[in-house]
2 protein chains.
Amino acid sequence: MGAFWSVRRRNDGGRQGVARRELKTVYDIARAAGVSAATVSRVLNGYVSVTPATRDRVLKLIEESGFRPNSNARRLVRGYPGQICFLLANRAMVHSFHSRILMGVENYCRQVAQDVVFATFRYGPDDRFPNDSVPHIIRERSGTEGILLAGTNYPNFLHFLTSLGLPYVFYGNNLVTGSLELPTERCVCFDEHSGGALAAAWLAGLGHRRLVFAGDLGKPWYERRFNGFRAGLAECAIVPGLIDVRDAADTFQLGRQAAATLLRDHSTATAVLAQDDQTACGMLEELRLAGVQVPADISLMGYDDIGEIQYLHPSLTTVRVPKEEIGRSMATELFRLRESGSSSQPVPLLAPGIIARDSCSRPKVFDETVFKNG
Amino acid sequence: MGAFWSVRRRNDGGRQGVARRELKTVYDIARAAGVSAATVSRVLNGYVSVTPATRDRVLKLIEESGFRPNSNARRLVRGYPGQICFLLANRAMVHSFHSRILMGVENYCRQVAQDVVFATFRYGPDDRFPNDSVPHIIRERSGTEGILLAGTNYPNFLHFLTSLGLPYVFYGNNLVTGSLELPTERCVCFDEHSGGALAAAWLAGLGHRRLVFAGDLGKPWYERRFNGFRAGLAECAIVPGLIDVRDAADTFQLGRQAAATLLRDHSTATAVLAQDDQTACGMLEELRLAGVQVPADISLMGYDDIGEIQYLHPSLTTVRVPKEEIGRSMATELFRLRESGSSSQPVPLLAPGIIARDSCSRPKVFDETVFKNG
DNA sequence: CTGAAAGCGCTTACAG
DNA sequence: CTGAAAGCGCTTACAG
């Protein structure tokens, strides 16, 4: 084995940058090419004001020697960091939802040659932030263009970043503001309310008249989904039932509890919107155990469109959330912030959609009055 | 709303670093404190050779002004990057498995005050790597301490990094070497073979005598799992059946196909080890559709311990893979590489374990001969 | 214990 | 089109 892994380290003609000599700085290249460091720099940066002959000579040396410019020197002299920080707050893991946001960020940054620093941070809504408690990248200046705040956040940390003069953009859907309104500046959101309304329209369109929302209204984001759902149904003169579960160990368990409540207290319901996909998974499980068929006996809809649910049986109809787009939008917004100085106009809300799969169908007892009233 | 978000930006006594004056460099601090920049630097770096009085004066200025040192200047002069790069190769997303590895990396790096740059990269096993095709952070020098290679990788890229003189450590389990042996240097692996053997011992211990492995042996990592499984069973004089499916759209579908084959060709089997958890999910689904009960009719075991499967019904018994530990080990190994110059000794294999849940039980027809022979 | 000075490796006016 | 020189903001021998 050693053989193979060594053998291939031989000089392969310079094509892959095996060092012919030690040319580590622009001065080394300059000396070898018989030009000044300034000229090497110009070639490196693609300035047109360089004679082709000179340029070729320098380029050849660079390629042969495998020279790569020192990024810290570049950043220091250019005055900008060339990096942004994706900060996942108050989460134990990169779950599939935030993973997609991260991918959106990374994809955009790759195109604009910016590095993405990944960091995590846990804090409470009333914490202060002594210097040694915050992520390393925040403790120094010019380490990052700014912060992309994902995960769950509270106003205290946003204020802290403001006081630091550190630009940031946050994922707004999971910001906990208490009784305060969501700020619209530096905030990237998708329209949770209209996602709920879309779900309402979808289920009502299938002919459902007796609908229920199942979720934890203690969380503002779920409350917004419910409000949208209710508003959407109001247009069809329908008032949804509500199963508000707040004390579950996790959202899957919450779903199971919600389904138990559903069977007990809402036995005439023909369709349910769960607060999110994971909750819907829990409900599906509990319904199965109870011998209730989805969608034959009841239609079940999720919210988020996490990848895992397409493999459920039945596959889950859900509200699509533009996760990659959220990431991309957060990144572009941060760079726009730099250009335009301080806070620009509010970022437009991103629009959700419906992913139709197998967990929703027309209700068993089709109610003609829907169309008479509609 | 605007009110709230502005109001809190007022000076809160300097505690949160609201700038009293513009003190942006060590020279500014030095002038204000009546000392030299060198002394400010000493305070910043915690040197003991500074008079308490001087130190306090400087510290006070730093705190009041919210001064943070320029990280690029520090890195340039110190000569090390203060960052490492987590490179996810040939993957469309951060799935839960790699997400846990990333968390292991980030957790460790946070403790040692290193930033983690997250990047993705797609390439083929025969690609060359012209400068503009590789991730930005690789194109410059001193941008990173080295590369942590996760995802699926091929030797050509490792050789390329070697030729660049860029230190790296790779996640070995998903390295595709063709017919070549896995290198042990710079390689962090968990012991896939022994995970398979553990699964074998577990199932045999439950009394199973007719067992099957379901997976894609075209992938070396699944082949290693199978080999371990077979070796483990050999100790009980059992030869497992094999369902080798190679043409599935994804591992879930692969599982469904495998289950169909199982029912058709291995109807006497009492236990199955799936190549991974996702495959087991597919099998579980297909078995359910066929009216086969798990574990009553057949025991089913996964491999990986991804978080999603604990909510399955029945919850899935699986092979635990130390994902966070893999991440942590990759990071420590990279820093060790820097200390000890070039390649140190091989990294020890990380050990898998068994997570016992509900999908495995004793076989319906308990075969006494197991104990007679064992 | 502290300061003056050099230096990290680039880029960019400023001249020519 | 090209070079000499200054400067980005730190840290670190070297003196004292």
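None of the values given here were measured: they were computed from a predicted structure. Naming convention: chains lettered A, B, ... in sequence-line order (proteins, then strands); numbering from 1 in each chain.
Not one N or O on the side chain of B:N153 forms a donor-acceptor pair closer than 3.5 Å with the backbone of B:L175. The closest donor-acceptor contact from the side chain of A:S142 to the backbone of B:N72 lies at 3.5 Å or more, if one exists at all. Of the possible polar contacts, none joining the B:R42 side chain to the B:Y47 backbone as a donor-acceptor pair under 3.5 Å is found. B:R141 places a side-chain N or O within donor-acceptor distance of the main-chain N or O of A:K24, the cut-off being under 3.5 Å. Side chain of B:S133 to main chain of B:F129: no donor-acceptor pair is present (N/O by atom type, distance under 3.5 Å, no hydrogens or angles).
The phosphate of C:dG9 (OP1 or OP2) has no side-chain N or O of A:R74 nearer than 4.0 angstrom. Distances shorter than 4.0 Å separate some side-chain N or O of A:S36 from OP1 or OP2 on D:dG3. Taking 4.0 angstrom as the limit, A:T51 places a side-chain polar atom (N or O) nearer than this to OP1 or OP2 of D:dT2.
For the pair A:K24 NZ and C:dG9 P, the interatomic distance rounds to 9 Å; values are reported in whole Å. Atom CG of B:D28 is separated from atom P of D:dC8 by 11 Å (rounded to the nearest Å). Residue A:R78 contributes atom CZ, which lies 7 Å from atom P of C:dT12 at whole-angstrom precision. Per the geometry, CG belonging to A:N70 stands 6 Å off C1' belonging to C:dG9, to the nearest Å. Rounded to an integer number of Å, the gap from CD1 of B:I62 to C1' of D:dC10 is 13 Å. What separates CD of B:E22 from P of D:dG9 is a distance of 13 Å, to the nearest Å. Rounded to whole angstrom, the span from the CD1 atom of B:I29 across to the C1' atom of D:dT11 amounts to 16 Å. D:dT12 atom C1' lies 7 Å from atom OH of B:Y47, rounded to whole Å.
Picking from C:dC10, D:dG9, D:dT11 the nucleotide with the shortest atom distance to the side chain of B:A73 gives D:dG9. For A:T54, whose side chain is taken as the heavy atoms from C-beta onward, the closest listed nucleotide among C:dT11, D:dT11, D:dT2 is D:dT2. Side chain of A:T39, nearest nucleotide from D:dT11, C:dC10, D:dT2: D:dT2. Side-chain proximity of B:S41 to C:dT12, D:dT11, D:dA4: nearest is D:dT11. For B:Y27, the listed nucleotide lying nearest its side chain is C:dA6; candidates were C:dA6, C:dC10, D:dC8.
Using bins of under 30°, 30° to 60° and over 60° for the plane-to-plane angle, the ring pair A:H98/A:Y171 lands in the perpendicular bin.
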Pairs under 3.5 Å (N/O, protein and nucleotides 13-16 of chain C):
unit_1, atom_1, unit_2, atom_2, d
C:dA13, N6, A:R42, NH2, 3.3

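Of the C1' atoms belonging to C:dG16 and C:dT12, the separation is 16 Å, rounded to the nearest Å.
Contact check for A:V58 versus A:I29: side-chain heavy atoms found under the 4.5 Å cut-off. B:D115 places none of its side-chain heavy atoms less than 4.5 Å from the side chain of A:E140. Looking at A:L61 and A:V40, their side chains never come closer than 4.5 Å, going by heavy atoms from C-beta outward.
A:S49 comes within 4.0 angstrom of a base, heavy atoms only. At a threshold of 4.0 angstrom between heavy atoms, the contacts of A:N45 are confined to the sugar-phosphate backbone, with no base atom among them. Using a 4.0 Å heavy-atom distance criterion, A:V40 is classed as making no nucleic acid contact. Counting non-hydrogen atoms under 4.0 angstrom, B:V77 reaches a base of the nucleic acid. If you check every strand for non-hydrogen atoms under 4.0 Å, B:Y80 touches nothing.
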Exercise. I would like to know whether B:E64 and B:K60 meet salt bridge (charged side-chain N to carboxylate O under 4.0 Å, His left out); could you show each step before the answer?
Key: CA-CA 6 Å; B:E64 287 182 357; B:K60 185 147 176 286; 3.3 Å; yes

Practice problem: Please test A:E333 against A:R336 for salt bridge (charged side-chain N to carboxylate O under 4.0 Å, His left out), starting from the C-alpha separation and ending with a verdict. | Solution: CA-CA 5 Å; A:E333 204 53 34; A:R336 184 176 310 159; 3.2 Å; yes

Exercise. Show your working on side chain to side chain contact (heavy atoms under 4.5 Å, CB included) between B:I138 and B:F160 and close with a plain yes or no.
Key: CA-CA 11 Å; B:I138 291 181; B:F160 172 69; 4.3 Å; yes

Quiz item: Which dot-bracket notation, 5' to 3', represents the base pairing of DNA chain C when pairs are defined as Watson-Crick or G-U with both distances under 3.5 Å, crossing pairs as [ ], and inter-strand pairs as |?
Solution: |||.||||||||.|||

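Taking the ring centroids of A:F157 and A:Y123, they lie under the 6.0 Å cut-off.
Shown for residues 134-142 of chain A: no residue has heavy atoms falling under 4.0 angstrom of DNA chain C.
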